[in-house]
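One structure below.
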Amino acid sequence: MARPWESPAGGAWGAGARKRSGDQRLTRGFVRRQNLRAKLLFYALAALAIFLLAHVFNVQVRNGAKLRAQAQRQHMETLDLGAVRGPILDREGNTLVRSLPSQSVYASLHEVADKPAAARALGAALGIAPERVLERLRSDGAYVPVERKIDRAAAERIARLRIPGISIVPEATGVRFVPAGRLASTVLGFTGIDENGLDGIEYSFDRTLRGRAGEMTLETDQFGRTLPFSNPHVVEPAKSGLGLMLTLDSYAQYNVERILRATVLKARARSGSAIVMNPYTGALLALANVPDYDVNAYDKVPEDARRDRAVTDAYEPGSTFKLITAAAALESKKVTTYDRFPTRDSLQIGDKTIHNAEDGFLAGTGGSETLEDIIVYSHNVGAAEVGLRIGRRTMYDTMRKFGFGDQTQVGLPGESAGIVPPIDEWSDTSLPTIAFGHGVAITPLALARAYAAIANGGLLVRPRIVGALLNPDGTVKSRYETEVVRRAISAHTAAVLRKYLRAVVLRGTGNPTAQVAGYTTAGKTGTAQVAENGAYLKDEYVASFVGFVPAERPRYLILVKVERPQGLYYGSEVAAPAFAAIAKMMMLHDGVLPAVKRAAVSKRRP
């Protein structure tokens with residue numbers, strides 16, 4: 001028998017022992033295989049863990065900021081914060097234009113089940129064709145505008161419909177509202193659907209008025225709708241636009257428009273313009289055009305009715321230009337106030353004949369006349385003779401000193417510089433015809449500026465339509481000061497010319513139509529044949545009058561131009577009465593009562 005510490009002899013345990021030994025060997029093999037599998041699984045899991053940790057490190061640490069920003073972009077929407085467009089006021093602070101809050105109709109197309117029915121209902125509420133609405137409801141996109149910038153009544157009608165997928169959304173920009181409708185419409189202009197200036201002051205001062213848009217982010221769903229409990233974040237606040245205080249006087253503007261409209265209607269004319277200016281500062285108190293339009297419905301009127309003719313339309317001024325010839329003659333000292341010219345009603349220049357107008361002030365023959373007489377009675381032949389005496393260079397330089405051929409830089413869009421041909425393009429007839437206002441083209445505003453220089457003592461002043469810029473709270477940010485461009489003529493020459501203009505009203509072509517009872521007026525009539533496509537049109541004229549009141553120390557420079565009147569067409573008959581009506585209105589508006597002549601009282605002895 002074996003000792004306990006010795007292995008039993010083979011077979012000592014019998015078959016059972018051998019079986020147990022085989023089982024043990026199988027168990028050990030199975031254990032070894034299980035251990036291998038466990039190790040492999042461990043290494044696989046360890047490798048996966050390392051991979052995941054590396055990926056987490058890559059996502060969270062290395063590229064965390066980038067991926068986070070990308071995720072935010074997918075769920076965050078950036079919206080523009082519309083800046084409030086600045087208002088436009090008159091010189092007294094009365095509102096001419098302002099912005100009102102606006103709202104639009106939008107549709108989430110996937111939520112609109114019955115598009116034809118929705119189109120019919122929306123079309124009726126908005127007052128537009130259902131076919132137009134249906135076209136938008138069938139367009140590409142998830143969230144589309146049905147109609148933008150609708151009024152409050154239409155918004156309330158749509159809200160009552162409760163159509164699934166249709167919503168009323170406040171707009172970032174407002175809608176412009178003009179309380180006075182047509183007042184100064186050709187000056188103010190209008191804006192587009194997003195309040196971008198398209199014409200007039202709204203266009204030329206668009207960057208000043210519009211301000212600067214801000215930016216806001218908020219969390220949205222896939223259809224662009226704001227998620228509940230999301231917190232909007234203002235990246236940059238909007239900055240409201242500045243306001244404009246114009247030089248226009250609403251009372252004066254209204255009455256000038258009324259007088260001009262009646263004048264154009266009475267004359268059966270095509271159009272008309274009128275200007276009231278302070279001759280010392282260049283401030284435009286009224287600038288009217290006929291036809292005009294309702295700014296609130298600008299898209300319903302033709303483009304021709306929206307034109308600011310006083311600034312954009314150049315025309316041959318006719319006899320009102322004779323004062324420029326007189327200024328050139330006196331300034332050059334080539335003509336004195338005592339010089340006399342032979343009186344005649346025609347003048348032959350080459351193959352052309354210059355005639356005086358048959359307006360009852362013909363010069364006749366056999367006598368002589370002074371420069372004052374030529375102006376007072378508006379003799380074309382006399383003006384041509386003055387032009388021939390002073391020469392081309394003197395005439396051209398004087399025109400340029402008065403600013404003709406340049407824009408006035410008033411700040412209104414589309415301003416024409418007019419046409420002043422260079423000297424080397426003048427023909428033999430250019431000088432004598434330019435001397436009485438043909439062969440050059442100027443705008444009404446340019447002529448008003450030139451006459452303002454005569455009225456104020458010889459200084460060429462830049463016209464102004466904007467008086468001040470306003471902060472969003474209504475306080476004044478800055479003011480536009482008077483800008484003297486240069487001295488056009490001497491104070492002495494200006495005084496002589498004012499004397500001539502006064503004589504026009506007292507005993508010349510402005511007598512009596514340009515006279516105003518109780519006030520002293522001065523000015524010049526003008527009647528010019530209309531030039532079109534290089535030829536003068538038969539029986540087509542421009543009637544005008546430009547002058548000032550009172551004559552001694554002018555307060556107001558007034559210009560009236562009427563294009564293509566029918567029947568009566570002389571400036572003394574068509575434009576001068578309108579000048580007189582405007583002059584009287586302006587003086588009364590300024591609180592200046594007419595002077596009353598006292599009747600002589602005879603003294604009798606008791």
Side-chain angles (χ1 to χ4, degrees), residues 263-264 267-273 304 307 309-310 312-325 344-363 374-375 377-388 392 395-396 399 404-405 416-423 425-444 446-447 450 509 524-546 559-576:
T263 299
V264 170
R268 292 172 291 147
R270 177 174 294 186
S271 63
S273 297
D304 184 66
R307 200 164 71 247
R309 301 168 189 272
T312 63
D313 290 12
Y315 72 107
E316 294 194 358
S319 294
T320 53
F321 207 71
K322 289 172 183 171
L323 265 291
I324 309 305
T325 304
R344 45 188 170 181
D345 288 322
S346 64
L347 178 66
Q348 192 73 24
I349 305 291
D351 61 347
K352 304 293 183 180
T353 303
I354 295 173
H355 296 278
N356 286 330
E358 297 180 3
D359 56 358
F361 292 95
L362 289 172
I374 293 171
I375 299 299
Y377 302 116
S378 199
H379 289 158
N380 294 341
V381 172
E385 289 178 330
V386 173
L388 292 172
R392 295 183 177 187
M395 189 68 202
Y396 179 81
M399 288 190 292
F404 297 117
S416 171
I419 302 173
V420 177
I423 293 179
E425 295 181 7
W426 289 19
S427 67
D428 291 340
T429 59
S430 293
L431 177 58
T433 54
I434 287 174
F436 60 86
H438 285 72
V440 293
I442 60 177
T443 63
L447 184 61
T509 55
K524 183 70 186 76
T525 57
T527 307
Q529 204 166 357
V530 174
E532 192 173 275
N533 298 324
Y536 290 102
L537 303 181
K538 185 180 180 181
D539 298 329
E540 298 285 354
Y541 297 92
V542 174
S544 61
F545 190 94
V546 56
L559 179 145
V560 178
K561 172 203 167 199
V562 180
E563 185 176 359
R564 305 191 188 193
Q566 304 299 309
L568 300 177
Y569 62 87
Y570 285 114
S572 59
E573 300 168 319
V574 178

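Side chains included, hydrogens not; waters and symmetry mates left out as well; all remaining heavy atoms used.
Atom CD1 of Ile419 is surrounded by 12 or fewer heavy atoms from other residues, nucleotides or ligands within 6.0 Å.
Distance NE2/His379 to CD/Glu385: 11.0 Å, rounded to 0.5 Å. Of the inter-residue distances, the one linking Asp539 atom CG with Tyr569 atom OH reads 7.5 Å to the nearest 0.5 angstrom.
A donor-acceptor contact shorter than 3.5 Å is absent between the side chain of Glu563 and the backbone of Ala269. Side-chain atoms of Asn356 come within 3.5 Å of backbone atoms of Val381 as a donor-acceptor pair (strictly under, hydrogens ignored). Proximity of a side-chain donor or acceptor of Ser346 to a complementary backbone N or O of His355 within less than 3.5 Å is not detected.
Here Thr325 pairs with nothing under the side chain to side chain donor-acceptor pair (under 3.5 Å) rule; sequence neighbours left out. For Gln348, the side-chain contact (heavy atoms from CB on, under 4.5 Å) criterion is met by Thr353, not counting sequence neighbours. The side-chain contact (heavy atoms from CB on, under 4.5 Å) test applied to Arg309 returns Ser271, Ser273, Asn289, Pro291, Asp304, Arg307, Asp313, not counting sequence neighbours. With sequence neighbours left out, the side-chain contact (heavy atoms from CB on, under 4.5 Å) criterion links Ala531 to Glu316, Tyr536. With sequence neighbours left out, Glu532 forms a salt bridge (charged side-chain N to carboxylate O under 4.0 Å, His left out) with Arg564. With sequence neighbours left out, the side-chain contact (heavy atoms from CB on, under 4.5 Å) criterion links Glu573 to Leu568, Tyr570. Under the rule for a ring pair (Phe, Tyr, Trp, His ring centres under 6.0 Å), Tyr396 has no partner lying at least two apart in sequence or in another chain.
Inter-residue side-chain proximity for Trp426 and Arg392 is flagged as met; some heavy-atom pair is nearer than 4.5 Å.
The minimum heavy-atom distance linking Ala384 with Leu347 is given by the pair CB-CD2, 4.0 Å. Heavy atoms only, all atoms of each residue included: Gly418 and Ala314 are closest at CA-CB, 4.1 Å. Across Val574 and Ala543, no two heavy atoms sit closer than the pair CB-CB, 3.9 Å.
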Considering only distance and modelled atom types, tabulate donor-acceptor pairs under 3.5 Å from the side chains of residues 428-443, sequence neighbours left out.
| from | atom 1 | to | atom 2 | distance (Å) |
| --- | --- | --- | --- | --- |
| Thr429 | OG1 | Ser427 | OG | 3.2 |
| Ser430 | OG | Ser427 | N | 2.8 |
| Ser430 | OG | Ser427 | OG | 3.2 |
| Thr433 | OG1 | Thr429 | O | 2.7 |
| Thr433 | OG1 | Ser430 | O | 3.0 |
| Thr443 | OG1 | Ala446 | N | 3.1 |

Identify all side-chain donor-acceptor contacts of residues 317-324 below 3.5 Å with residues at least two apart in sequence or on another chain.
| from | atom 1 | to | atom 2 | distance (Å) |
| --- | --- | --- | --- | --- |
| Ser319 | OG | Lys322 | NZ | 3.0 |
| Ser319 | OG | Ser378 | OG | 3.0 |
| Thr320 | OG1 | Pro317 | O | 3.2 |
| Lys322 | NZ | Ser378 | O | 2.9 |
| Lys322 | NZ | Ser378 | OG | 3.0 |
| Lys322 | NZ | Asn380 | OD1 | 2.8 |

